[in-house]
S.K.: 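Dumping the structure here so I can ask a few things about it.
Labels below follow one simple rule: chain letters A, B, ... track the order of the sequence lines, proteins then strands, and each chain is numbered from 1. In this text, all values refer to a predicted model and were calculated from it rather than measured experimentally.
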Number of protein chains: 2
Amino acid sequence: MPLLYIRISRLYDKIIMYNYPMNLLKILKDNGYRITESRKLICDLLEKNIHFHFSAKELTLLINKKSEINIDQTTIYRTLDALEELGLLQHSHIPHKPAIYYLNNTDQNVHLICESCDKIVDISEQSVKSINSILKQNSNFNTINNNFVYIGKCKECL
Amino acid sequence: MPLLYIRISRLYDKIIMYNYPMNLLKILKDNGYRITESRKLICDLLEKNIHFHFSAKELTLLINKKSEINIDQTTIYRTLDALEELGLLQHSHIPHKPAIYYLNNTDQNVHLICESCDKIVDISEQSVKSINSILKQNSNFNTINNNFVYIGKCKECL
DNA sequence: ATCAGTGCAAATGGTTTGCAGCATC
DNA sequence: GATGCTGCAAACCATTTGCACTGAT
């Protein structure tokens, strides 16, 4: 079933909205994580595709295609976990599909993904603010963050 | 990771917003599905808990506790699929948890679920309309439906 | 030298599928 | 009587875990 998912990090307070360029490796290092060859490759790919949405599998394939080294999917998951733990990354679940991971960055934190053509349309920050404010006003929830992924169908595919 | 998920049914055009009382069995029958003992029990439970959110496992346990018959989880999944196919039901995925299923009904189609205490807070229909209109205005997506589940943390748990 | 990170294999857990028997229409 | 529905077992697939080894600090 095509759905619409929004994700709020459990580590809401920690979430960091970066403006490009991000320096993921430096942040990992500054937080006591070790810099390894795998992490260099993963962070490099993420930084070069700052607006992309990858599944763990896609990431693994992309990285292993570009490099000589063969990085295991487990390692990818563990590095993604580390980045998420630091609030640099988030992931969302799409029914019948693997989770997609994406960076937290100021410019493009709301995405509408077309379930037919995979096109990604971004929502303006202004609109996100409006939505958040509606949600806050109407509930006693205050951990509404503005990193959303909506899945629907774009006009062209209808 | 605490997240916020929104789900749009793939069968958007088919989605039926019912006012209580719903007659799930009748709709199944009218659409060529057979009425069986399992389906009676499942539909009965759903109709008696019209605002609840169940995982497939919870549903199975609840039904088997109340009846003499032992209904297999597979049967639950298949009946849920049938109801979803008819636009009577939807499901959403919460990270690290099984999917939750809930009925489509007019009154309470937006839910904020607290990840700590499982409290469910409802959002007014008015607000849902505002959010939908913001999303539509800012994109070329037009299958934004108003059956949402947001997962966050309520004020009391913060 | 320590201890975090890695790869591999195996486990996990939710969901789906195949199939023979049963129940509904 | 035909065929949809069921239960059981097995398959599936994304993700997680255990563990011995390797590499970063």
S.K.: Has the side chain of B:R39 got a donor or acceptor that lies under 3.5 Å from a partner of the other kind on the base of D:dC5?
M.R.: no
S.K.: Pick base, sugar-phosphate or nothing for B:S55, based on heavy-atom distances below 4.0 Å to the nucleic acid.
M.R.: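 B:S55: no heavy atom of the nucleic acid under 4.0 Å.
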S.K.: Answer yes or no: is there a side-chain heavy-atom contact under 4.5 Å between A:N23 and A:L25?
M.R.: yes
S.K.: Take A:D30 and A:K26 through the test salt bridge (Lys or Arg N to Asp or Glu O under 4.0 Å) and record every step on the way to the result.
M.R.: CA-CA 6 Å; A:D30 290 351; A:K26 184 175 183 314; 2.7 Å; yes
S.K.: What protein N or O atoms touch nucleotides 16-19 of chain D N or O atoms at under 3.5 angstrom, if any, and at what distances?
M.R.:
from   : atom 1 : to    : atom 2 : distance (Å)
D:dT16 : OP1    : B:H96 : NE2    : 3.4

S.K.: Taking atom CG of B:L59 and atom CG of B:L41, what is their separation to the nearest 0.5 Å?
M.R.: 11.5 Å
S.K.: Please give, in whole Å, the distance from D:dG4 C1' to B:E85 CD?
M.R.: 15 Å
S.K.: In whole angstrom, give the distance that lies between atom CG of A:D30 and atom P of D:dT25.
M.R.: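 Taking CG of A:D30 and P of D:dT25, I get 12 Å after rounding.
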S.K.: Please state how far atom OH in A:Y33 lies from atom C1' in C:dG5, giving the value in whole angstrom units.
M.R.: 12 Å
S.K.: Could you state the CG-P distance from A:N64 to C:dT6, rounded to the nearest angstrom?
M.R.: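 Answer to the nearest Å: 13 Å.
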S.K.: Whole angstrom is fine here: how far is it from CG in B:D72 over to C1' in D:dA10?
M.R.: 13 Å
S.K.: Any heavy-atom pair between the side chains of B:L46 and B:F54 that's under 4.5 Å?
M.R.: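 Result yes, sub-4.5 Å side-chain heavy-atom pair found.
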S.K.: If I take atom CG in residue A:L61 and atom P in nucleotide D:dA14, what distance separates them, rounded to the nearest angstrom?
M.R.: 11 Å
S.K.: B:E37 has an atom CD; how far is it from atom P of D:dT6, in whole Å?
M.R.: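 Those two atoms, CD and P, are 11 Å apart.
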S.K.: Rounded to whole Å, how long is the line connecting atom CD of A:E58 with atom P of D:dA14?
M.R.: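 Rounded to the whole Å, the gap is 11 Å.
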S.K.: Looking at the side chain of B:T75, which of C:dT24, D:dT15, D:dT6 is the nearest nucleotide?
M.R.: D:dT6
S.K.: Testing B:R34, B:R39, B:K40 for salt bridge (Lys or Arg N to Asp or Glu O under 4.0 Å) with B:E37, which one passes?
M.R.: B:K40
